[in-house]
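In what follows, a structure is listed as structure tokens, so that the remarks can point back to it.
Order of appearance sets the numbers: ligands from 1, and atoms from 1 within every ligand. Quick caveat, the model's predicted, so the values are computed rather than measured. Position 1 is the first residue of the sequence; numbering continues from there.
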Amino acid sequence: MDQRRLVFFPLPLQGHQTPMLQLASILYSKGFSISIIHTNFNSPNPANYPSFTFHSISDNLSESEASTEDLTLLLHNLNMNCLVPFSAILSEIMSEVGVACLITDVIWYFTQAVADSLDLPRIVLRTNNPSSFIAFTYLPLFREKGYLSAQGSKLDEPVPELPPLKKKDIPRIHTRFPELNDEVSRKMMETSKAARGLVFNSFEELEGSSLTLVRQHFQIPVFAVGPFQKQVQASFSSLLTEDRSCIPWLNAQQPKSVLYVSFGSIAAIDEAQFHEIAWGLAHSKQPFLWVIRPGLVRGLNGRGAPLPNGFLEMVTGRSMIVGWAPQEEVLAHPAIGGFWTHCGWNSILESICKGVPMICLPFFGDQMTNARYVTDVWRVGLRFEKGLKQEDIEKGIKRIMVEKEGKEMIQRLAVLKDNASVCIQKGGSSYQSLESLVAHILSF
Ligand code: UDX
């Protein structure tokens with residue numbers, strides 16, 4: 001048996017696929033051979049990973065299923081549809097080469113039973129962070145206590161079980177199928193407990209106390225081996241085409257003068273919010289680079305989002321709009337002074353690693369919890385607590401980019417950034433955790 005072959009199964013969403021492929025690259029550098037099973041929906045480009053073996057399976061999603069905005073439905077359908085083709089391809093790989101371990105996204109809950117039936121150890125990667133994952137484990141209790149139905153001013157009440165969260169920070173998924181969402185969450189948690197290990201793209205110095213809670217709750221080996229992006233040469237996992245013309249534009253801007261605005265790969269806003277953001281940016285007088293990806297504005301049936309009249313005239317010469325940016329390179333650019341983010345975990349970690357203060361606009365799920373950690377625990381960002389209004393946006397941008405508050409955040413970020421570098425060096429927490437993960441896999 002090939003003790004050093006690992007089979008990975010990434011979830012086909014940008015924020016999940018990128019860290020999974022990064023983890024595969026990290027374990028490849030530790031001497032493992034890598035096979036990737038992937039759906040034909042949002043498939044990675046094998047040409048970018050010449051050392052890996054790729055196996056495509058049919059996910060049987062119709063066009064409308066693949067493009068649904070209902071994440072719960074998408075995750076449920078993927079888990080249903082992939083069972084048969086995944087089992088077949090995994091058995092085939094195992095009959096040919098022998099496999100030490102299967103590593104899947106936590107959300108691929110159906111794979112635990114497949115792994116069990118083949119007597120193959122399964123390790124899970126949670127691409128969100130430990131602090132939000134622990135909040136997900138409290139959801140049944142929060143529902144029982146009525147926290148999930150809090151409205152109005154009650155949303156600002158604290159959650160005593162999980163400080164510093166407020167009721168509005170509890171991870172919620174907007175779906176037309178709440179019962180299905182409960183089922184997906186329950187299966188995800190149950191099968192994570194049955195896995196042989198749980199891996200996070202985070203590090204002890206950043207989330208030590210949440211990692212302790214995760215260890216207590218799941219009672220399986222937990223490995224915090226992040227930040228992944230600092231341990232791989234470059235990520236080639238973009239599902240959309242990057243518009244690199246923003247780099248020469250950034251080269252021409254003053255140091256720390258540009259606000260980078262991007263809400264990740266899934267979050268969607270309505271036209272009123274879009275206009276509020278546009279006017280806030282225009283009135284801030286600050287240079288900005290804004291990612292308006294296809295689908296960012298809801299309900300336009302594929303049409304490009306119309307910017308409000310007069311907006312472009314106001315921002316000409318100090319702005320750039322792209323459909324998708326090379327984000328890590330942008331955040332590392334000396335011209336960037338702030339990041340207005342939806343608080344996806346990859347974006348936050350990338351911002352921390354590059355020392356960029358944040359404006360938080362969380363939309364759903366872990367983003368809510370992440371935003372609270374950014375503002376109240378790490379204190380490296382601010383948030384519009386009273387909704388999205390252009391006057392507040394304008395003031396918030398100034399607080400981050402111009403005022404003392406932003407400079408103090410940069411000082412706190414310098415410590416986090418340093419920790420993020422030290423933890424992956426020999427003897428560091430993530431370095432040791434990675435060594436333990438390798439030893440754990442080799443012990444199977
Ligand atoms: C999703 C969920 O929304 C998020 O809450 C969860 O934490 C992870 O899965 P997504 O919305 O895509 O992720 O956000 P994020 O985790 O920030 O990942 C986005 C990735 O796309 C980042 O690695 C970022 O660098 C990249 N990106 C984003 C680009 O390369 N270019 C862009 O223009 C925008």
**Prompt:** Heavy atom of W290 under 4.0 Å from ligand 1?
**Reply:** no
**Message:** Under a 4.0 angstrom heavy-atom cut-off, which atoms of ligand 1 come close to G344?
**Reply:** 4 (C), 5 (O), 7 (O), 14 (O), 15 (P), 16 (O), 17 (O)
**Request:** Answer with yes or no whether Q229 contacts ligand 1, where contact means a heavy atom under 4.0 Å from a ligand atom.
**Result:** no
**Request:** Please identify which atoms of ligand 1 are closer than 4.0 Å to at least one heavy atom of S262.
**Result:** 34 (C)
**Request:** Report the relative orientation of the aromatic rings in F311 and W279; use parallel for angles under 30°, tilted for 30 to 60°, perpendicular for over 60°.
**Result:** perpendicular
**Request:** Give the residue, atom name and distance (to 0.1 Å) of the protein heavy atom nearest atom 28 (C) of ligand 1.
**Result:** Q327 OE1, 3.1 Å
**Item:** Nearest neighbour in protein (non-hydrogen) for atom 11 (O) of ligand 1
**Value:** H342 NE2, 2.9 Å
**Prompt:** Between F384 and W340, does the ring centroid distance fall short of 6.0 Å?
**Reply:** yes
**Prompt:** Considering only the protein, which heavy-atom contact is closest to atom 20 (C) of ligand 1, and what is its distance?
**Reply:** Q14 CG, 4.0 Å
**Item:** Option whose closest heavy atom lies nearest to atom 1 (C) of ligand 1, chosen from I266, V330, T18, L239
**Value:** I266
**Message:** Other residues, nucleotides and ligands only: do more than 12 of their heavy atoms fall within 6.0 Å of NZ on K168?
**Reply:** yes
**Prompt:** Among R126, E328, E350, R293, which one has a heavy atom closest to atom 22 (C) of ligand 1?
**Reply:** E350
**Message:** Tell me the protein heavy atom at minimum distance from atom 16 (O) of ligand 1, and give that distance in Å.
**Reply:** N346 ND2, 2.8 Å
**Fill in**
Shortest non-hydrogen pair, A150 vs K167, comes out as CB-CD, 4.0 Å
**Asked** Do F8 and F32 have ring centres separated by under 6.0 Å?
**Response** no
**Prompt:** For ligand 1, is there an N or O atom under 3.5 Å from any N or O atom of N370?
**Reply:** no
**Prompt:** At what distance is the nearest protein heavy atom to atom 13 (O) of ligand 1, and which residue and atom is it?
**Reply:** G15 CA, 3.6 Å
**Message:** Under a 4.0 angstrom heavy-atom cut-off, which atoms of ligand 1 come close to V291?
**Reply:** 33 (O)
**Asked** Can you list the ligand 1 atoms lying under 4.0 Å from a non-hydrogen atom of H16?
**Response** 9 (O)
**Request:** Pick one of side chain, backbone, both or neither for how Y260 approaches ligand 1, counting any non-hydrogen atom pair under 4.0 Å.
**Result:** side chain
**Message:** Can you tell whether the side chains of E205 and K417 come within less than 4.0 Å, N to carboxylate O?
**Reply:** no
**Complete:** So the salt bridge (Lys or Arg N to Asp or Glu O under 4.0 Å) pairs with at least one residue in residues 259-272 (sequence neighbours excluded) are none
**Prompt:** Below 4.0 Å from any atom of ligand 1, is there a heavy atom belonging to N128?
**Reply:** yes
**Asked** Do the two ring centres, one from Y49 and one from Y28, sit under 6.0 Å apart?
**Response** no
**Message:** Do R298 and F274 make a side-chain contact, defined as non-hydrogen atoms from C-beta onward lying under 4.5 Å apart?
**Reply:** no
**Prompt:** Against heavy atoms of A325, which atoms of ligand 1 measure under 4.0 Å?
**Reply:** 29 (C), 30 (O), 31 (N), 32 (C), 33 (O)
**Asked** Which ligand 1 atoms are under 4.0 Å away from a heavy-atom of Q367?
**Response** 2 (C), 3 (O), 4 (C), 5 (O)
**Message:** Measuring only between side-chain heavy atoms, which start at C-beta, is R122 closer than 4.5 Å to T191?
**Reply:** yes
**Complete:** For S265, the atoms of ligand 1 under 4.0 Å from one of its heavy atoms are 10 (P), 11 (O), 12 (O)
**Prompt:** Which residue and non-hydrogen atom of the protein lie closest to atom 26 (C) of ligand 1, and at what distance in Å?
**Reply:** W324 CZ2, 3.9 Å
**Lys/Arg-Asp/Glu bridge criterion (N-O < 4.0 Å) met for D366, R126** = no
**Request:** Measure the CZ-CZ distance between F218 and F133 for me, rounded to the nearest 0.5 Å.
**Result:** 3.5 Å
**Asked** Does S347, backbone or side chain, put an N or O under 3.5 Å from an N or O of ligand 1?
**Response** yes
**Request:** Answer with yes or no whether D366 contacts ligand 1, where contact means a heavy atom under 4.0 Å from a ligand atom.
**Result:** yes
**Request:** State plainly whether the residues E204 and R215 are in salt-bridge range, i.e. N to O under 4.0 Å.
**Result:** yes
**Fill in**
Taking only non-hydrogen atoms of W345 and a 4.0 Å limit, the atoms of ligand 1 in range are 7 (O), 16 (O)
**Among F339, W290, W249, F288, ring-ring contact (aromatic ring centres under 6.0 Å, His included) partner for Y260** = F339
